[in-house]
Amino acid sequence: MPGWFKKAWYGLASLLSFSSFLLLIVALTVPHWLSGKILCQTGVDLVNATDPELVKFLGDIYYGLFRGRKVRQCGLGGRQSRFTIFPHLVKELNTGLHVTILLLLFLALALALVSMGFAILNVVQVPYRAVNGPGGICLWNTLAGGVVALAIASFMAAVKFHDLTERIANFQERLFQFVVVEEHYEESFWICVASASAHAANLVVVAISQIPLPEIKTKIEEATVTAEDILY
């Protein structure tokens, strides 16, 4: 059985892995990865709008990995519409990249559970194989954190290099053309970052658990027997 010091740190490692799993679930389900402002360029060109009038043509958009919402502003008031990425919109995007992001996140979910299982194993017992010990916890957390980081980088690449927001904003638009004015990463994106950070924190936790505690030695005083003691 591991000592109480290691048990406490391995227990914390299992909690961090489970929290990473929950954070990824939230990031996948909440459609707030990115928000932005979209300008109705067609409306601006039709009326030759000046800077103070551009506000009438400025709409909003936000989306996640599965769905989102946009508000069109083309001079006649806002029109709200909701959309889903699958099955049609994904064909207008970089399909391979978007599917890769989802697969990476689902893989990260599995790896988070595996790393939690290894941490719990080390709480219960000292594994016979070194790969199941602290080294195994570090390995699975490194893999899980790396996969999440790769998914985050892939999403950023889709936004910056593949015009993800603009493609979504112009999906099924035949009369109006929209251009992206502002983009901001939202809570689901940062939740994913927190998930990767949890696995990085686990590496620190495992390293701390390996610090040897000083042994407490009790000094045994030698009993000296004198002649007077024998008499009594």
Between [Y] and [X], is there a side-chain heavy-atom distance shorter than 4.5 Å?
| X | Y | value |
| --- | --- | --- |
| Leu109 | Leu113 | no |
| Glu183 | Leu34 | yes |
| Phe66 | Leu28 | yes |
| Leu111 | Leu107 | yes |
| Phe155 | Ile152 | no |
| Ile61 | Ser35 | no |
| Tyr10 | Leu121 | no |
| Leu164 | Tyr63 | yes |

### Message
Is it the case that atom NE2 in His88 sees more than 12 heavy atoms from other parts of the structure closer than 6.0 Å?
### Response
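Open: at most 12 neighbouring heavy atoms sit under 6.0 Å from NE2 of His88.
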
### Exceeds 12 heavy-atom contacts within 6.0 angstrom, atom CZ of Arg79
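Atom CZ in Arg79 is not packed in, count stays at 12 or less.
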
### Query
Are Lys70 and Phe171 in a cation-pi contact, defined as NZ or CZ under 6.0 Å from the six-membered ring centre and within 45° of the axis?
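Negative - Lys70 is either too far from the ring of Phe171 or too far off its axis.
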
[Y] reachable from [X] in the ILVMFWY side-chain graph, under 4.5 Å edges:
| X | Y | result |
| --- | --- | --- |
| Val181 | Val44 | yes |
| Val206 | Leu139 | yes |
| Leu103 | Leu23 | no |
| Val26 | Phe18 | no |
| Leu102 | Trp33 | yes |

Indicate the atoms forming the closest heavy-atom contact of [X] with [Y], along with that distance.
| X | Y | result |
| --- | --- | --- |
| Ser209 | Trp9 | CB-CB, 3.6 Å |
| Glu53 | Asn48 | OE1-O, 4.4 Å |
| Ala112 | Ser115 | O-OG, 2.7 Å |
| Ala169 | Ile38 | CB-CG2, 4.0 Å |
| Leu93 | His98 | CD1-ND1, 4.4 Å |
| Ser154 | Ile101 | CB-CG1, 3.6 Å |

Rounded at 0.5 Å granularity, tell me how far [atom1] in [X] sits from [atom2] in [Y].
| X | Y | atom1 | atom2 | result |
| --- | --- | --- | --- | --- |
| Cys74 | Gln177 | SG | CD | 11.0 Å |
| Asp163 | Ile168 | CG | CD1 | 11.0 Å |
| Leu105 | Leu150 | CG | CG | 9.5 Å |
| Arg67 | Arg69 | CZ | CZ | 12.5 Å |
| Ser197 | Ile191 | OG | CD1 | 12.5 Å |
| Ile137 | Leu16 | CD1 | CG | 11.5 Å |

Would you say [X]'s side chain and [Y]'s backbone share a donor-acceptor pair under 3.5 angstrom?
| X | Y | answer |
| --- | --- | --- |
| Arg167 | His162 | yes |
| Trp140 | Met116 | no |
| Asn202 | Ala13 | yes |
| Ser14 | Gly11 | yes |

Does the plane of the ring in [X] sit parallel, tilted or perpendicular to the ring in [Y]? Use 30° and 60° as the thresholds.
| X | Y | result |
| --- | --- | --- |
| Phe176 | Phe178 | tilted |
| Tyr62 | His32 | parallel |
| Trp190 | Tyr185 | perpendicular |

### Task
Please lay out, stage by stage, how Val148 and Leu24 fare under the test side-chain contact (heavy atoms from CB on, under 4.5 Å).
CA-CA 9 Å; Val148 176; Leu24 288 175; 4.2 Å; yes

### Between Asn170 and Glu166, a side-chain donor and acceptor under 3.5 Å
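No - no donor-acceptor pair under 3.5 Å links their side chains.
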
### Task
Would you mind telling me which of Leu65, Val30, Thr29 makes a side chain to side chain contact (heavy atoms under 4.5 Å, CB included) with Ser188?
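Passing option: Val30.
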
